[in-house]
Amino acid sequence: HELKTPLFTVQGYLLTLSDGAINDKLIRDKYLQRANIGLERLVSIVEDLDMINQLESGSLNLSLKQFDVVKLIKSVFELLEFQAKKRNITLQLDKPYDIPLIVKGDKKRIEQVVINLIENSIKYGKTTSKTMVSIKNFTETQLIVDIEDEGEGIPEHNLSRIFERFYRVEQSRSREQGGSGLGLSIVKHIIEAHHQKVFARSELGKGSIFSFTLEKFK
């Protein structure tokens with residue numbers, strides 16, 4: 001379904017153009033733009049599926065190095081600042097982190113985890129709210145990163161399935177927001193490839209917290 005919808009959409013626009021609509025400049029430009037959006041979504045889905053397949057098969061090699069997770073989170077805030085502003089959502093850390101928190105992992109993949117989770121908080125958070133990120137000790141050898149939104153929350157019966165491929169808590173809103181439907185599944189696979197854990201908890205009407213652990217660098 002996730003592949004068919006954008007595929008048939010693109011096909012529909014192209015068939016309409018080939019039937020003569022291409023001669024109308026306004027319609028041509030509008031339909032070509034919409035077809036391009038559909039193609040971009042298809043590419044995104046295929047890329048995400050390819051990554052999940054690599055993660056599941058163990059063919060995606062992780063480059064484990066040390067990095068400052070606070071610095072990484074701040075860079076993601078900057079990357080998604082414009083997207084958050086469109087919904088008047090503030091991205092912030094729960095407190096100043098003056099000392100670097102060094103972890104061991106594949107920086108590029110962990111960055112993708114943070115991007116996916118914060119993008120979700122922006123998509124499904126309430127307009128004029130905030131996304132709060134905190135970093136705490138989890139065990140002697142692990143940190144835990146919490147990403148908390150002020151959205152509508154997720155029903156308890158959905159929580160056990162939200163990391164499945166293409167699973168949607170709200171079908172109508174998910175279609176409106178776009179995306180591949182694979183973001184949380186990718187998060188789960190990347191974190192588990194690091195031999196770490198990812199969690200989700202939520203309260204209806206108050207929001208959700210997505211958390212994942214990282215190995216401390218010693």
Side-chain angles (χ1 to χ4, degrees), residues 1-6 41-62 64 69 72-73 76 80 83 91 103 105-125 131-136 138-139 142-215:
H1 173 75
E2 296 297 330
L3 286 168
K4 285 180 179 178
T5 299
R41 187 176 179 191
L42 278 170
V43 170
S44 175
I45 293 171
V46 171
E47 289 177 345
D48 286 349
L49 279 170
D50 181 57
M51 173 169 288
I52 288 178
N53 288 332
Q54 290 183 63
L55 287 163
E56 288 180 339
S57 66
S59 60
L60 182 66
N61 295 320
L62 298 177
L64 302 179
V69 67
L72 183 147
I73 290 168
V76 173
L80 300 179
Q83 188 174 331
L91 307 177
V103 296
D106 187 314
K107 183 178 178 181
K108 181 180 177 182
R109 303 303 174 193
I110 297 302
E111 180 181 53
Q112 184 169 9
V113 166
V114 177
I115 288 172
N116 286 3
L117 292 177
I118 293 180
E119 278 189 332
N120 262 18
S121 78
I122 295 170
K123 287 179 182 177
Y124 301 111
T131 291
M132 182 79 72
V133 180
S134 61
I135 311 161
K136 301 182 288 287
F138 188 63
T139 68
Q142 294 171 304
L143 294 176
I144 185 166
V145 178
D146 292 334
I147 297 174
E148 181 176 2
D149 66 53
E150 296 178 335
E152 294 297 334
I154 302 168
E156 187 176 353
H157 64 275
N158 291 117
L159 280 174
S160 63
R161 299 191 60 192
I162 56 174
F163 292 104
E164 295 178 10
R165 297 184 185 190
F166 300 123
Y167 187 73
R168 305 284 197 174
V169 175
E170 296 180 64
Q171 293 291 343
S172 59
R173 187 170 181 193
S174 294
R175 284 194 294 270
E176 176 188 334
Q177 295 292 345
S180 69
L182 295 166
L184 289 180
S185 184
I186 288 174
V187 164
K188 178 177 184 290
H189 282 89
I190 289 176
I191 294 301
E192 291 184 348
H194 282 78
H195 305 292
Q196 298 297 314
K197 295 181 179 179
V198 61
F199 316 90
R201 55 195 189 279
S202 186
E203 187 174 350
L204 284 178
K206 293 190 176 181
S208 305
I209 303 175
F210 286 83
S211 310
F212 61 93
T213 62
L214 291 170
E215 181 185 350

### Query
Quick one: are E148 and V133 in side-chain contact, heavy atoms under 4.5 Å?
no

### Task
First locate atom CD of E156, then atom CG of L204, and finally report the distance between them rounded to the nearest 0.5 Å.
9.0 Å

### Message
Rounded at 0.5 Å granularity, tell me how far CG in L184 sits from CZ in R161.
### Response
13.5 Å

### Task
Can you sort out the partners of K206 under salt bridge (charged side-chain N to carboxylate O under 4.0 Å, His left out), two or more places apart, ordered by chain and number?
E203

### Query
From R109 CZ over to H194 NE2, what is the distance, rounded to the nearest 0.5 angstrom?
9.5 Å

### Query
Would you say the side chain of I154 lies within less than 4.5 Å of the side chain of Y124, judging by non-hydrogen atoms?
no

### Message
I'd like to check the side-chain hydrogen bond (donor to acceptor under 3.5 Å, both in side chains) partners of Q196; sequence neighbours left out, ordered by chain and number.
### Response
Q142, T213

### Message
If I compare all heavy atoms of S121 with all of T131, which pair ends up nearest, and what's the gap?
### Response
OG-OG1, 2.8 Å

### Query
In this structure, are over 12 heavy atoms from other groups packed under 6.0 Å from K136 atom NZ?
yes

### Query
In chain order, what residues pass the side-chain hydrogen bond (donor to acceptor under 3.5 Å, both in side chains) check against K188, with sequence neighbours excluded?
E192

### Query
Which heavy atom of G153 sits nearest a heavy atom of S202, and at what distance?
CA-OG, 3.2 Å

Contacts table for residues 110-119: side-chain donor-acceptor under 3.5 angstrom, sequence neighbours left out:
{"from": "N116", "atom 1": "ND2", "to": "G183", "atom 2": "O", "distance (Å)": "3.3"}

## Note on the structure
Those residues at least two apart in sequence (or on a different chain) that pass side-chain hydrogen bond (donor to acceptor under 3.5 Å, both in side chains) with D106 are none

### Query
Are side-chain heavy atoms of I73 and V145 found at a separation under 4.5 Å?
yes

### Over 12 foreign heavy atoms within 6.0 Å of CD, Q83
yes

### Query
With sequence neighbours left out, what residues match S211 under side-chain hydrogen bond (donor to acceptor under 3.5 Å, both in side chains)?
D146, R201

### Task
Measure the shortest side-chain to side-chain distance between L80 and I122 over non-hydrogen atoms and say whether it is less than 4.5 angstrom.
yes

### Task
Sequence neighbours left out, what passes side chain to side chain contact (heavy atoms under 4.5 Å, CB included) with A200? Give chain and number order.
L159, I162, F163, F210

## Note on the structure
So CD1 of I209 and OG of S134: to nearest 0.5 Å the spacing works out to 7.5 Å

